[in-house]
Protein chains: 2
Amino acid sequence: MAVRLVALYQQPEDPAAFDAHYRDVHAPIILRYPGIRELRTTRVAPVGPRSTPYYLQAEMVFDSRADLDAAIASEPGIESARDLRNFAMAGVTLYAIDDDATTSAEPSGAG
Amino acid sequence: MAVRLVALYQQPEDPAAFDAHYRDVHAPIILRYPGIRELRTTRVAPVGPRSTPYYLQAEMVFDSRADLDAAIASEPGIESARDLRNFAMAGVTLYAIDDDATTSAEPSGAG
């Protein structure tokens with residue numbers, strides 16, 4: 001059904017500058033990826049007593065792993081990788097999630 | 001709509017033992033969380049030339065952030081946190097994603 005390229009950005013020193021660069025420069029490059037279906041961005045929130053090293057999660061949705069790999073190797077893919085040094089100096093973790101290979105379980109009891 | 005508790009497990013020393021413990025012990029505890037709607041687990045895949053520190057992504061879906069917090073504070077929540085030492089010695093990163101607070105964008109051109 002879908003493969004998600006997940007980018008987890010670490011806490012930036014200047015969140016306002018990060019947000020502005022992501023919105024005005026980085027997201028428009030990503031939306032030029034061939035085959036991209038959707039770009040979803042969400043602020044990461046901590047849970048329980050732990051802090052989280054991450055600030056923003058970006059999910060880039062493709063139809064297949066082949067489309068994802070082609071997007072990364074494309075001209076906008078290379079441009080977006082190069083752009084990371086302009087705003088993601090704190091670091092970013094990238095990985096892929098294949099929703100077709102996901103195991104889903106639901107609780108057996110009532111809600 | 002939904003709030004996801006995301007757990008990213010780092011590469012275990014013994015993946016087969018990790019998988020067996022997660023499936024047979026840890027997942028059944030999680031499915032006893034009050035208010036949990038779904039547990040989705042997916043093997044993390046690397047992209048491009050980078051490796052990923054993560055092995056497994058688990059997404060626990062709730063109706064609201066309040067339900068998520070209540071689940072973590074519940075008896076199964078405490079039990080699952082205690083169980084981490086039995087199989088997740090390599091480490092785990094936890095955070096929450098509020099799908100209602102997600103910004104979505106689609107490419108303007110044709111697919």
Side-chain angles (χ1 to χ4, degrees), chain A residues 3-8 22-23 27-28 30-55 57-61 63 65 67-69 71-73 77 81 92-109 111, chain B residues 3-8 22-23 27-28 30-55 57-61 63 65 67-69 71-73 77 81 92-109 111:
Chain A
V3 174
R4 286 178 277 155
L5 171 58
V6 183
L8 285 169
Y22 191 92
R23 183 189 61 233
I30 287 171
L31 290 171
R32 290 196 286 109
Y33 282 0
I36 190 168
R37 295 302 179 192
E38 190 185 0
L39 165 62
R40 294 195 293 249
T41 51
T42 314
R43 198 68 57 83
V44 169
V47 287
R50 303 160 182 249
S51 65
T52 165
Y54 298 119
Y55 172 73
Q57 177 184 271
E59 293 177 305
M60 290 146 274
V61 182
D63 289 343
R65 176 68 205 228
D67 281 3
L68 186 161
D69 288 338
I72 289 175
V92 60
T93 296
L94 284 175
Y95 59 89
I97 291 292
D98 183 347
D99 287 327
D100 287 336
T102 293
T103 301
S104 174
E106 288 177 22
S108 49
Chain B
V3 174
R4 286 179 276 156
L5 171 59
V6 182
L8 285 169
Y22 191 92
R23 182 188 64 235
I30 288 171
L31 290 171
R32 290 197 286 109
Y33 283 180
I36 190 168
R37 296 300 179 195
E38 191 184 0
L39 165 63
R40 294 196 293 249
T41 51
T42 315
R43 199 66 57 83
V44 169
V47 286
R50 303 160 183 248
S51 66
T52 165
Y54 298 120
Y55 173 71
Q57 177 186 270
E59 293 177 306
M60 291 146 273
V61 182
D63 290 343
R65 176 68 204 229
D67 281 2
L68 187 161
D69 288 337
I72 289 175
V92 59
T93 296
L94 285 175
Y95 60 88
I97 291 291
D98 183 347
D99 286 327
D100 286 336
T102 294
T103 302
S104 174
E106 288 177 23
S108 48

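Excluded from the calculations below are hydrogen atoms, water molecules and symmetry mates; all remaining heavy atoms, backbone and side chain alike, are included. What you are looking at is a predicted structure, and each value in this text was computed from that prediction instead of being measured. Naming: A, B, ... by sequence-line order, numbering from 1 per chain.
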Does any heavy atom of chain B fall under 4.5 Å from the side chain of Ile72(A), the backbone, both, or neither of them? side chain

Results of side chain to side chain donor-acceptor pair (under 3.5 Å) for Ser51(B) - residues two or more places apart only: none

Cut-off 4.5 Å, heavy atoms of chain A, and the answer for Pro28(B) is neither

Thr102(A) versus chain B, the contacting section by heavy-atom distance below 4.5 Å: both

What pairs with Glu38(A) under side chain to side chain donor-acceptor pair (under 3.5 Å), at least two apart in sequence or on another chain? Arg40(A), Ser104(B)

Counting only non-hydrogen atoms closer than 4.5 Å, does Glu106(A) touch chain B with its backbone (N, CA, C, O), its side chain (CB onward), both, or neither? both

Non-hydrogen atoms of chain A under 4.5 Å away: do they reach the side chain of Tyr54(B), the backbone, both or neither? side chain

Work out which heavy atom in Ala96(B) is nearest to a heavy atom in Val47(A); give both atom names and the distance. CB-CG1, 3.6 Å

Please flag which part of Arg23(B) lies under 4.5 Å from any non-hydrogen atom of chain A: side chain, backbone, both or neither. neither

What one should report as the nearest heavy-atom pair of Met60(B) and Leu39(B) is CG-CD1, 3.8 Å

Are the side chains of Leu8(B) and Tyr95(B) in contact, using a 4.5 Å heavy-atom criterion? yes

Is chain A contacted by the side chain of Leu94(B), its backbone, both, or neither, given a heavy-atom distance below 4.5 Å? both

Report the residue from Asp98(B), Leu68(B), Val61(B) that forms a side chain to side chain contact (heavy atoms under 4.5 Å, CB included) with Arg4(B). Val61(B)

Specify which of Thr41(B), Val44(B), Leu31(B) makes the most heavy-atom pairs with chain A at under 4.5 Å. Thr41(B)

For Ile30(A), is it the side chain, the backbone, both, or neither that has a heavy atom closer than 4.5 Å to a heavy atom of chain B? neither

With a 4.5 angstrom heavy-atom cut-off, is it the side chain or the backbone of Arg32(B) that approaches chain A, or both, or neither? neither

How close do Pro53(A) and Thr93(B) get, heavy atom to heavy atom, and via which atoms? CD-CG2, 4.1 Å

